[in-house]
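Since we're looking at a predicted model, the values are computed, not measured. Numbers here are sequence positions counted from 1.
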Amino acid sequence: MLRFLTAGESHGPALTAILEGMPAGLPLSPHDLAQDLARRQTAYGAGGRMKIESDQARILSGVMAGQTTGAPIALLIENKDYAKWRERDIDPMTTPRPGHADLTGAVKYGYRDLRLSLERASARETAARVAVGAVCKTLLAQFGVRIGSYVTMIGGVEADRDRLEALTYARRFELAESNDLRCPDLAIVEAMRARVWECMQARDTVGGVFEVVALGLPPGLGSHVHFDRRLSGRLIGALASIHAIKGVELGRAFENAAKYGTEVHDEIFVEEEETERREMRERTEAGTEENEGSGIGRLIRRTNRAGGLEGGITTGEPLVLRAAMKPISTTLNPLRSVDLATGQPDRTTYERSDFNAVPRAGVVGEAMVAYVLADALLEKLGGDSLAEMRPRFAALRQARLEDLPMDNEPWRFGFDQGESGTD
Ligand code: EPS
């Protein structure tokens with residue numbers, strides 16, 4: 001339903017993106033994109049480039065009189081740094097950085113200078129993704145869906161699990177915005193900062209883990225019927241497509257893998273009492289009236305170890321994804337490599353980069369998750385305009401007994417000719 005393309009080099013004139021498939025009638029202005037673009041720029045341990053840029057997206061098409069028209073939305077973010085590069089003789093780059101696309105890009109495309117790999121492989125491209133994701137978030141917000149992220153580990157310094165779990169997701173989002181490591185466990189923030197500082201002194205880089213969470217999702221997005229319609233694969237793939245992201249899990253997938261099934265699966269109950277209903281609402285923070293339904297006969301979970309998906313379909317519980325970011329491959333301390341021009345052993349040379357990009361990557365993660373979820377919502381609701389989507393959203397089947405009448409009688413498959421189903 002939705003698709004997007006980005007174009008642009010890290011030090012070229014601009015980044016551009018085209019987002020196609022947005023319904024008409026969505027109020028949208030550059031202001032809606034500004035906040036996330038700014039959030040992507042700040043972190044303790046960010047590179048010098050972020051002092052040069054102040055990313056702003058211009059909307060060049062697809063929005064008229066403040067609303068989307070259904071036409072492709074073209075976005076443009078200028079690279080301020082280009083002013084310094086446009087007249088300059090570019091030094092040759094012939095020694096590939098291990099971990100970057102320098103060597104693999106040259107093997108694939110036959111480049112005769114490695115900068116041609118660097119320019120497009122750079123995580124600068126994620127500014128365009130964040131602009132696209134912000135448009136998707138604006139659509140999702142119309143239906144009560146909210147996406148946030150926070151950092152849980154940097155360079156081995158990890159947020160305390162119990163302290164984190166004592167906080168609602170909304171509170172974790174809020175606390176993450178209060179510091180430049182985007183970590184909601186405030187007791188660990190200074191230790192994280194010290195770790196990044198140490199890494200900077202050691203002229204090195206650090207990676208880490210962040211979580212992206214979507215709240216207020218209706219049940220029933222995605223599908224179990226085919227591999228490429230399962231939301232699990234689509235979400236994990238989207239996060240793994242981000243630069244330096246090397247692992248993604250849904251809920252606590254790797255931890256669950258070591259447990260018994262009875263310890264992992266989220267048991268199903270019928271919501272009965274008002275107090276339980278209130279507790280559940282607080283716990284899931286599901287947001288909108290529509291999503292909560294009447295509450296009568298609602299099927300609920302007391303745990304969310306599945307991370308919000310079963311069979312590749314949303315359960316209506318918070319969607320929780322965790323991503324592992326490797327340390328950035330541009331390091332001040334050189335790594336051993338080979339100069340492709342001479343064939344001799346060489347050491348990498350440093351070009352400005354981030355020491356720690358984990359907090360910034362979380363914002364990019366939100367954008368990719370927003371894109372996949374907006375796509376899944378459009379798939380479910382169809383509709384060329386917001387006005388068409390609204391009544392369809394209000395009529396969505398919920399996980400309630402009254403929405404799920406069962407035949408409760410024997411029947412036959414009826415695959416073979418002459419046999420009928422339930423007759
Ligand atoms: C980035 C811009 C880049 C890098 C960084 C992300 O700008 P420059 O190369 O001019 O410093 O700082 O990209 C990488 C870490 C990388 O490995 O490519 C940005 O806008 O986020």
Side-chain angles (χ1 to χ4, degrees), residues 39-40 42-46 99 123 126 129-130 133 147-169 171-200 204-215 232 235-259 304-309 318-329 354-370 372:
R39 289 171 69 229
R40 195 201 72 96
T42 31
Y44 183 63
T126 60
R129 296 201 206 191
V130 166
I147 298 170
S149 70
Y150 46 88
V151 170
T152 60
M153 192 272 275
I154 291 180
V157 178
E158 205 163 357
D160 179 80
R161 179 111 167 235
D162 292 339
R163 279 200 298 265
L164 216 55
E165 284 175 2
L167 303 168
T168 64
Y169 287 117
R171 185 75 183 131
R172 294 183 214 183
F173 298 165
E174 199 182 346
L175 290 172
E177 299 312 308
S178 76
N179 63 83
D180 54 4
L181 291 140
R182 304 199 61 252
C183 177
D185 179 6
L186 299 184
I188 206 76
V189 168
E190 289 317 309
M192 264 185 189
R193 188 184 309 285
R195 183 81 186 93
V196 176
W197 189 83
E198 244 170 59
C199 147
M200 283 152 65
D204 220 314
T205 56
V206 274
V209 174
F210 62 84
E211 295 187 7
V212 180
V213 178
L215 303 174
S232 34
L235 287 161
I236 290 169
L239 281 176
S241 78
I242 300 170
H243 309 65
I245 302 304
K246 296 296 148 189
V248 183
E249 62 175 340
L250 190 55
R252 294 271 174 180
F254 285 92
E255 194 178 290
N256 289 349
K259 293 183 176 170
N304 180 25
R305 301 183 195 109
L309 292 178
L319 176 77
V320 185
L321 288 145
R322 296 160 52 78
M325 183 179 205
K326 72 175 178 178
I328 279 176
S329 48
D354 297 60
F355 297 98
N356 160 42
V358 185
R360 305 178 56 215
V363 181
V364 183
E366 291 173 27
M368 292 310 294
V369 168
V372 174

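- At distances below 3.5 Å, at least one donor-acceptor pair connects side-chain atoms of R172 with backbone N or O atoms of L164.
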Next item on the list: Take S178 and V189, measure what side-chain contact (heavy atoms from CB on, under 4.5 Å) needs, and give me the verdict at the end.
Entry: CA-CA 10 Å; S178 76; V189 168; over 6 Å; no
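- Residues C183 and I188 approach most closely at SG-CG2, 3.6 Å, considering heavy atoms.
- Put simply, CD1 on I245 and CZ on F210 are 4.0 Å apart, with the number rounded to the nearest 0.5 Å.
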Notebook entry, point to check: Can you check side-chain contact (heavy atoms from CB on, under 4.5 Å) on L235 and V212, steps first, answer last?
Noted result: CA-CA 11 Å; L235 287 161; V212 180; over 6 Å; no
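- Residues that satisfy the side-chain hydrogen bond (donor to acceptor under 3.5 Å, both in side chains) test with T42, not counting sequence neighbours, are absent from this structure.
- A salt bridge links E255 and R161; the closest N-O separation between the charged side-chain nitrogens and carboxylate oxygens is under 4.0 Å.
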Next item on the list: Would you please test N356 and M192 for side-chain contact (heavy atoms from CB on, under 4.5 Å) and show each step?
Entry: CA-CA 11 Å; N356 160 42; M192 264 185 189; over 6 Å; no
Item checked: L309 and L319: CA distance, side-chain angles, deciding distance, side-chain contact (heavy atoms from CB on, under 4.5 Å) verdict -> CA-CA 7 Å; L309 292 178; L319 176 77; 3.7 Å; yes
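- Evaluation of the side-chain hydrogen bond (donor to acceptor under 3.5 Å, both in side chains) test over residues 182-196, restricted to residues two or more places apart or in two chains, returns S149-R182, R163-D185, E177-R182, D180-R193, E190-R193, R195-E198.
- Rounding to the nearest 0.5 angstrom, the gap separating the CG atom in L167 from the CZ atom in F173 is 11.5 Å.
- Residue G99 comes nearest to K326 through the heavy atom pair O-NZ, 2.8 Å, listed as atom of the first residue, atom of the second, then distance.
- Using modelled atom types and a 3.5 Å distance limit, the side chains of T126 and R360 yield no donor-acceptor pair.
- Counting heavy atoms from C-beta on, the side chains of E366 and R39 come closer than 4.5 Å.
- The one candidate from T152, L321, V151 that meets the side chain to side chain contact (heavy atoms under 4.5 Å, CB included) condition with E211 is T152.
- Contact of the V364 side chain with the L239 side chain is not registered, since no non-hydrogen atoms from C-beta on lie closer than 4.5 Å.
- For the side-chain hydrogen bond (donor to acceptor under 3.5 Å, both in side chains) test, no residue two or more places apart in sequence or in another chain qualifies with E158.
- With rounding to the nearest 0.5 angstrom, the CG atom of N179 is 14.0 Å from the OH atom of Y150.
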